[in-house]
Amino acid sequence: MSDNFDKDVKIHWCPGCGNYSALRIVKESLTELKFEPKDIVIVSGIGQAGKFPHFMTANFYNGLHGRYLSTALGVKAANPNLEVIAISGDGCTLSEGGNHFLHTIRYNPNITNLISNNSVYGLTKGQASPTSMLGFKTKVQTFGVINEPFNSPAVAISLNASFVARAFVGDIEETKNILKQAIQHKGYALIDMLSPCVSFNKVNTFKWYKENSYYLEDSHNPLDQSEAMKVALNLRKLALGVIYKNPSRPTYEENIQIYNSDSRPLFARDLDKNKLEKLVNTFR
Amino acid sequence: MTRSVNLAISGQAGQGIATVESLLTKALKRSGLNVFASREYMSRVRGGINSTAIRVSSQPVHAFEDRIDILIPLSDEAIPHLQHRMTNNTLVIGEKAFLSMDLLLSFISIEVPFTELAKEIGSILYSNIIALGVISSIFKVERQILHDLIEFTFLKKGDKVIQPNKSAINKGYEIGAELEDKYEILKKFYMNKNPEIKNDLILDGTESIALGAIAGGVQYECFYPMAPSTGIGTFLAQQASKFGLIVDMSEDEISVINKALGASYAGARSLVTTSGGGFSLMTEAISLAGMLELPIVVVVGQRPGPATGMPTRTTQEDLRLVLHAGAGFFPRIIFAPGCIEDSFYLTQKAFDLAQKYQVPVFILTDQYLVDSYYNLPFLNLDSLKNEKFIVKTDKDYQRFKFTKSGISPRGIPGYGEGLVAADSHTHTEAGMISEDPEIREKSVEKRLKKLKLIKDASIPPEFIGDANKIKYQIVSWGSTYYIIKEALDKINRSDIGFLHFSQVYPIHESTKDYLKKAKINIMVEQNPTGQFANLIENEIHIQIDKKILKYSGYTLSVEDIVAQITDAINGGN
Ligand SMILES: Cc1ncc(C[n+]2csc(CCOP(=O)(O)OP(=O)(O)O)c2C)c(N)n1
């Protein structure tokens, strides 16, 4: 089904890692939405989740730890025709990249942001991440985590993000459904994608996520910011589905003046020498 | 030798010195006089004490002199602030309150009640404009030039603002005429005018760099405000719609550089502008540019550090930072424009080289360069090509193809049938993570090959003097070019040569021969350790014999250089 986006490579993740499902979800969703690999740019940071683009066929930019949202915004600004999927871990996004997470939401570029959230640092072998639960013990956090967990959906809603969802990779079909909505949404779309780490997080397991999450009812109104916030603030029972949506925000690309009069991406443009000459002459 | 009348205007931040400076330099130039102006100011929005220095001459002037011939004080702190640059012959024209200093300093003073006169016109706001009229009249600028400038400047504000400003100008001319009758000394400020320069350009370093960026085809400028580079972003923002470029003032410098690299990956000609502190935050991404082979132009406006340092003062102490920034080895190019013209041409060139070699190109400036300006006849736009250096990809495209030259044809996503990879790990030709030692070696060698290409294409240093006669050679880089040039004209000795570098890395291979020609090479730099002298030593193993180092945060002057070179030479005999 996901043939176009498949890649014939050895995958570096541990057997049983939630990222395998995430990979399938992304590839199948893109295929079902009739995208071609050359339309897509996968932008990622560093971490186990950051390796994502190496395991599928598409354009990609696997940049620095924490910086992938800035990269994604730059790519989108230079060529709004590209479909940009930005994906990385919870540490990369919310710790090293916390400031960019906040500000990218404010810009509202038309990108899809998947946080592969395993509540632990995978690649660096098991330290607590910003979403680790209070009391979570590691080799470093020997007495257990003392910092309040970073609630990315709630933060995003407080910043009036234009699309905020949570998904669980254990449910392929449901997650595909949410991801497809996110991709089709015009503006920044966040998915807090719960994805168990089988090697370093023995608390938040597949079973734990199943037991501690629920799907939002049809009665939930994602257009209501306060209702959405209430749902997001509840970390005891994790809501799955589209929590908040604000379709009225213009995207960053729409706000970039130069695309109003000329839709060509930057690389297709040339300097207007006459205009430059005129400008220079204003200094006489 | 250049004879100039040096004028200084000094007052508090927020008193409108910049407006007077801008109108006066334009007016002088339009009347056929050459001008050079530079500013020194405190890092505050109101109060304090700032000054601008304007040199007026029949000949071209391009450098800062300490000496003040005429001072217009706009506050009682002006004279104490500038007294070290005043002489017995300095003429001070100003309000009584700003003149009656209890100082052991003698100078010639002329009292003009600017504020009183301004009140008569309607507001004390006009006192600067009256002063502008007085000075213009002393230099015999046609009054109409001032009226035209006032009209142009206040066009949007309408007659209500234009008329009283014109009256203020007229008042200034009246006073100017009276003073001339009374004070013989004013006659000595008369200078021949050259009608040919009336139509010259007048540009400061900031404007010149920004125009150079536009000429280089900049399409994406990202920055976070930090003196002394903020002006470039501001300038480009105001030209963005006209030139179809995106200017993004981002949340921090880390996002700035990562966005610019993202845009570069997608095919945009990207620029970031910052200062040492902000640049420090960018260093990881600079090495990313090295790994991803993405073109990027980085302007670093140097200011005295460490840390916040002196935000609005000048220095040349971030060469080392820019030279070494980023983990691992990768090729880079560093330019340090010596003058306003260079600021334009080198910035334009930086964009071309960044695209051609797919490397980061740096432009090192400083507060002195970006805030000084002078008149120049033209900027040559004829040779602008702005080749794109982008290929349309085919199905089998590999972004990091190993080639003979080291340069892989650059594809971008969304242009052609191929896929474009960018991977911050050591990667294969296709851009896949690799820990294969052979791939690593080939990748390093690819970068070494590019460095070799860049080196071969380096800009040679400029030599001034008689190579066969020199015993001494002054060596410098960046913005001290004209200061040293004028000082050497003043010293006027055929046994002293001058070697100036506007590309400081990689240095041109002719450097060795040039340095060997002189018996004693004397480096002039504005940092405490001689960073460029050390770079030369590291690169070509030639020891610089003497160093003239200034690190007060205030620019070297022509007089400084004359004194220090004379000293160095006498001490060296
Ligand atoms: C600037 C920088 N600091 C630290 C690292 C080391 N590092 C790599 S991944 C990572 C954290 C990984 O955690 P997360 O982002 O949650 O991703 P996961 O591996 O769990 O998918 C760290 C600290 C780095 N690559 N760069």
Side-chain angles (χ1 to χ4, degrees), chain A residues 9 12 37-41 43 45-46 51 53-54 57-79 81-82 97 99-100 102-104 106-107 256-259 261-262 264-273 275-277 279-281 283-284, chain B residues 199-203 207 211 214-215 217 219-220 222 239-246 248 250-252 254-270 284-285 288 292 378-379 381 384 386 388 390 412-425 431-433:
Chain A
V9 282
H12 306 189
K38 70 180 170 70
D39 308 328
I40 305 290
V41 182
V43 178
I46 296 295
K51 289 181 182 162
H54 288 279
T57 295
N59 297 291
F60 74 89
Y61 186 125
N62 178 191
L64 297 175
H65 188 53
R67 316 301 167 199
Y68 73 107
L69 286 174
S70 297
T71 310
L73 192 137
V75 172
K76 197 71 186 169
N79 187 351
N81 302 333
L82 295 167
N99 200 27
H100 313 314
L102 301 178
H103 289 276
T104 304
R106 294 181 54 228
Y107 277 81
I256 299 175
Q257 297 290 329
I258 63 162
Y259 289 123
S261 50
D262 182 348
R264 285 177 303 164
L266 297 181
F267 78 86
R269 300 169 184 232
D270 289 299
L271 166 69
D272 185 335
K273 252 200 200 179
K275 280 188 188 165
L276 174 59
E277 199 161 334
L279 176 61
V280 169
N281 284 332
F283 290 89
R284 292 199 187 273
Chain B
N199 201 31
D200 267 13
L201 296 168
I202 190 159
L203 287 170
E207 291 160 344
L211 288 170
I214 295 176
Q219 294 171 318
Y220 188 84
C222 204
Q239 300 302 329
S241 338
K242 197 184 286 167
F243 289 93
L245 61 101
I246 296 173
D248 180 4
S250 194
E251 67 263 21
D252 59 32
I254 303 180
S255 68
V256 162
I257 181 72
N258 282 285
K259 283 178 179 179
L261 290 175
S264 178
Y265 163 78
R269 290 194 162 211
S270 290
E284 188 191 18
L288 179 67
L292 302 184
F378 60 87
L379 292 174
L381 310 180
L384 291 185
N386 292 349
K388 290 207 168 167
I390 289 174
I412 55 170
Y415 184 54
E417 291 303 305
L419 296 175
V420 180
D423 180 22
S424 64
H425 306 86
M432 304 301 297
I433 300 186

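All heavy atoms count here, side chains included; hydrogens, waters and symmetry mates do not.
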Search all heavy atoms of [X] against all heavy atoms of [Y] and return the closest pair with its distance.
| X | Y | answer |
| --- | --- | --- |
| A:Tyr61 | B:Leu288 | OH-CD2, 3.5 Å |
| A:Leu266 | B:Ala268 | CD1-CB, 3.6 Å |
| A:Ile46 | B:Ser424 | CD1-OG, 3.6 Å |
| B:Asp248 | A:Tyr107 | OD1-OH, 2.6 Å |
| A:Ala78 | B:Ala266 | CB-CB, 3.8 Å |
| B:Tyr220 | A:Ala77 | CE1-CB, 3.8 Å |

TODO: Sort B:Ala285 into side chain, backbone, both or neither according to what part of it lies under 4.5 angstrom from a heavy atom of chain A.
DONE: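 It is both, since atoms from each part get that close.
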
- [ ] Select one option (side chain, backbone, both, neither) describing which atoms of B:Ala421 are under 4.5 Å from chain A's heavy atoms.
- [x]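 Answer is both: backbone and side chain atoms of B:Ala421 are under 4.5 Å from chain A.
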
Open item on the list: So which residue, A:Val43, A:Asn79, A:Thr71, ends up with the most heavy-atom pairs under 4.5 Å with chain B?
Closed with: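 Between A:Val43, A:Asn79, A:Thr71, the count favours A:Thr71.
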
Open item on the list: Quick check on the interface: out of A:Leu64, A:Val41, A:Val75, who has the most heavy-atom pairs with chain B under 4.5 Å?
Closed with: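 Of the candidates given, the most pairs with chain B belong to A:Leu64.
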
When rounded to the nearest 0.5 angstrom, what is the spacing between [atom1] in [X] and [atom2] in [Y]?
| X | Y | atom1 | atom2 | answer |
| --- | --- | --- | --- | --- |
| A:His100 | B:Lys259 | NE2 | NZ | 9.0 Å |
| A:His12 | B:Ile433 | NE2 | CD1 | 5.0 Å |
| B:Ser241 | A:Asp262 | OG | CG | 12.5 Å |
| A:Leu73 | B:Asn258 | CG | CG | 11.5 Å |

Between [options], which residue shows the highest count of heavy-atom pairs closer than 4.5 Å to chain A?
| options | value |
| --- | --- |
| B:Gly262, B:Cys222, B:Ser264, B:Gly431 | B:Gly262 |
| B:His425, B:Glu417, B:Lys388 | B:Lys388 |
| B:Ile254, B:Leu379, B:Leu292, B:Val256 | B:Ile254 |
| B:Ala263, B:Gly267, B:Gly414, B:Ser270 | B:Ala263 |

Side chain proximity check, [X] to [Y], heavy atoms < 4.5 angstrom:
| X | Y | answer |
| --- | --- | --- |
| B:Leu419 | A:Pro37 | yes |
| B:Ile246 | A:Ile258 | yes |
| B:Glu251 | A:Ser70 | yes |
| B:Asp423 | A:His54 | yes |
| B:Leu245 | A:Arg269 | no |

Which region of [X], side chain (C-beta onward) or backbone (N, CA, C, O), has a non-hydrogen atom less than 4.5 Å from a non-hydrogen atom of chain B, or is it both or neither?
| X | answer |
| --- | --- |
| A:Lys76 | neither |
| A:Tyr68 | neither |
| A:Ala72 | neither |
| A:Leu276 | both |

Task: With B:Asn386 via side-chain contact (heavy atoms from CB on, under 4.5 Å) - residues at least two apart - done: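 For B:Asn386 the side-chain contact (heavy atoms from CB on, under 4.5 Å) partners, ignoring immediate neighbours, are A:Leu271, B:Arg269, B:Gln348, B:Asp352.
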
Open item on the list: Please determine whether the number of non-hydrogen atoms from other residues, nucleotides or ligands lying under 6.0 Å from atom CZ of A:Arg106 exceeds 12.
Closed with: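 12 or below, so no.
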
Task: Option among A:Leu279, A:Val280, A:Asp272 that satisfies the side-chain contact (heavy atoms from CB on, under 4.5 Å) test with B:Ile214 - done: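 Running side-chain contact (heavy atoms from CB on, under 4.5 Å) over A:Leu279, A:Val280, A:Asp272 with B:Ile214 returns exactly one hit, A:Leu279.
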
Open item on the list: Is it the case that the side chain of A:Lys273 and the backbone of B:Leu381 share a donor-acceptor pair, with hydrogens and angles ignored and the cut-off at 3.5 Å?
Closed with: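 Checking the backbone N and O of B:Leu381 against the side chain of A:Lys273, a donor-acceptor pair under 3.5 Å is found.
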
Task: Whether A:Lys275 side chain and B:Lys242 backbone form a donor-acceptor pair below 3.5 Å - done: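 Indeed, once roles are kept as given, a pair shorter than 3.5 Å links the two residues.
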
TODO: Classify the ring geometry between B:Tyr415 and A:Phe267 as parallel (under 30°), tilted (30 to 60°) or perpendicular (over 60°).
DONE: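 Ring orientation of B:Tyr415 relative to A:Phe267: tilted.
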
